[in-house]
Amino acid sequence: MEMLSVISNYILIFVIVSLIMTILHVVGIWNVFKKAGEPGWKSIIPFYNTYTLYKISWNPMWFWLVLLGGLIGAGLLSFATVTVCVILGALMELFTFVVRFVMYYRLCLSFGWGVGKYILTILFAPIMFMVMGFDKSVYVGPITN
């Protein structure tokens with residue numbers, strides 16, 4: 001019985017921390033969207049918030065490629081007994097992983113942030129979105145280079 005109590009306490013802590021991080025993320029993204037001229041309500045809709053991040057930082061076409069790549073990669077990885085499928089699936093998932101980091105970098109550039117804040121954004125995204133949303137940085141639009 002003691003073990004069940006410990007496990008339930010850990011689950012409760014996990015749920016509370018997850019809820020706090022989600023709220024921080026939504027509030028931060030809401031203000032980032034407002035700075036970029038997008039309605040803040042887009043931050044609470046799954047997938048649409050990510051699409052909007054790609055739109056304000058880079059190009060929405062990359063969102064669709066990442067979404068498609070993730071679906072294809074996951075589908076290929078489900079064929080675990082076929083080596084070629086596993087390799088191709090892993091490459092597709094790696095592609096989506098890299099493109100997501102490039103999007104974060106371009107988002108930081110579009111708010112005038114450098115590499116240091118980009119690294120912090122990767123490590124502590126919800127907190128850094130709060131910083132991005134509430135600091136004095138100005139949205140300059142997607143950087144084209």
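For this chain, numbers begin at 1 and follow the sequence in order.
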Restricting to side-chain hydrogen bond (donor to acceptor under 3.5 Å, both in side chains), what partner residues turn up for [X], sequence neighbours left out?
X      : value
Glu38  : Lys42, Lys55
Tyr118 : none
Lys35  : Asp135, Ser137

Of all heavy-atom pairs between [X] and [Y], which one has the smallest distance, and what is that distance?
X      : Y      : answer
Ser43  : Trp30  : OG-CE3, 3.3 Å
Gly141 : Ser110 : O-CB, 3.1 Å
Val32  : Phe129 : CG2-O, 3.7 Å
Val26  : Ile44  : CG1-CG2, 3.5 Å

I need the [X] [atom1] to [Y] [atom2] distance, nearest 0.5 Å.
X      : Y      : atom1 : atom2 : value
Met3   : Ile7   : CE    : CD1   : 4.5 Å
Ile143 : Phe111 : CD1   : CZ    : 10.5 Å
Leu68  : Phe95  : CG    : CZ    : 9.0 Å

Original post:
Would you find a donor on one side and an acceptor on the other, under 3.5 Å apart, between the side chain of Arg106 and the backbone of Pro142?
Top reply: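 Side chain of Arg106 to backbone of Pro142, a donor-acceptor pair under 3.5 Å: no, none is there.
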Subject >> Under 3.5 Å: donor-acceptor pair, side chain of Asn31, backbone of Gly133 >> reply: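 Not at all, since once roles are kept as given, no pair shorter than 3.5 Å links the two residues.
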Is there a path from [X] to [Y] through hydrophobic residues (I, L, V, M, F, W, Y) whose side chains come within less than 4.5 Å of each other?
X      : Y      : result
Met130 : Leu123 : no
Ile72  : Phe97  : no
Leu67  : Leu91  : no
Ile119 : Val98  : yes
Val131 : Val27  : no

Would you say [X] and [Y] make side-chain contact, with heavy atoms under 4.5 Å?
X      : Y      : value
Phe33  : Thr52  : yes
Leu77  : Val86  : yes
Ile87  : Thr83  : yes
Val84  : Phe79  : no
Cys108 : Met132 : yes
Tyr139 : Ile56  : yes

Original post:
Take atom OH in Tyr105; do more than 12 heavy atoms of anything else shown fall under 6.0 Å from it?
Top reply: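 Open.
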**OP:** Verify side-chain contact (heavy atoms from CB on, under 4.5 Å) between Ile29 and Leu53, making sure each step is shown before the conclusion.
**Re:** CA-CA 9 Å; Ile29 294 290; Leu53 276 175; 4.1 Å; yes
Original post:
Who are the ring pair (Phe, Tyr, Trp, His ring centres under 6.0 Å) partners of Trp62, not counting sequence neighbours?
Top reply: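 Trp62 satisfies ring pair (Phe, Tyr, Trp, His ring centres under 6.0 Å) with Trp58 only.
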Subject >> Steps toward side-chain contact (heavy atoms from CB on, under 4.5 Å) verdict (Leu107, Trp113) >> reply: CA-CA 9 Å; Leu107 180 68; Trp113 284 12; over 6 Å; no
**OP:** Give me the ring orientation class for Trp64 and Tyr51: parallel if the planes are under 30° apart, tilted from 30 to 60°, perpendicular past 60°.
**Re:**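 Tilted: the ring planes of Trp64 and Tyr51 meet at 30° to 60°.
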Subject >> side-chain contact (heavy atoms from CB on, under 4.5 Å) evaluation trace for Met92 with Leu71 >> reply: CA-CA 9 Å; Met92 292 299 290; Leu71 291 173; over 6 Å; no
Original post:
How would you list all residue pairs meeting side chain to side chain donor-acceptor pair (under 3.5 Å) that involve residues 84-104, not counting sequence neighbours?
Top reply: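 As it turns out, the side chain to side chain donor-acceptor pair (under 3.5 Å) pairs with a partner in residues 84-104, which skip direct neighbours, are Arg100-Tyr104.
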Original post:
Taking it one step at a time, do Phe63 and Thr50 satisfy side-chain contact (heavy atoms from CB on, under 4.5 Å)?
Top reply: CA-CA 7 Å; Phe63 167 77; Thr50 308; 3.9 Å; yes
Kindly list each side-chain donor-acceptor pair under 3.5 angstrom involving residues 12-23, sequence neighbours excluded, with atom names and distances?
unit_1 : atom_1 : unit_2 : atom_2 : d
Ser18  : OG     : Phe14  : O      : 2.9
Thr22  : OG1    : Ser18  : O      : 2.8

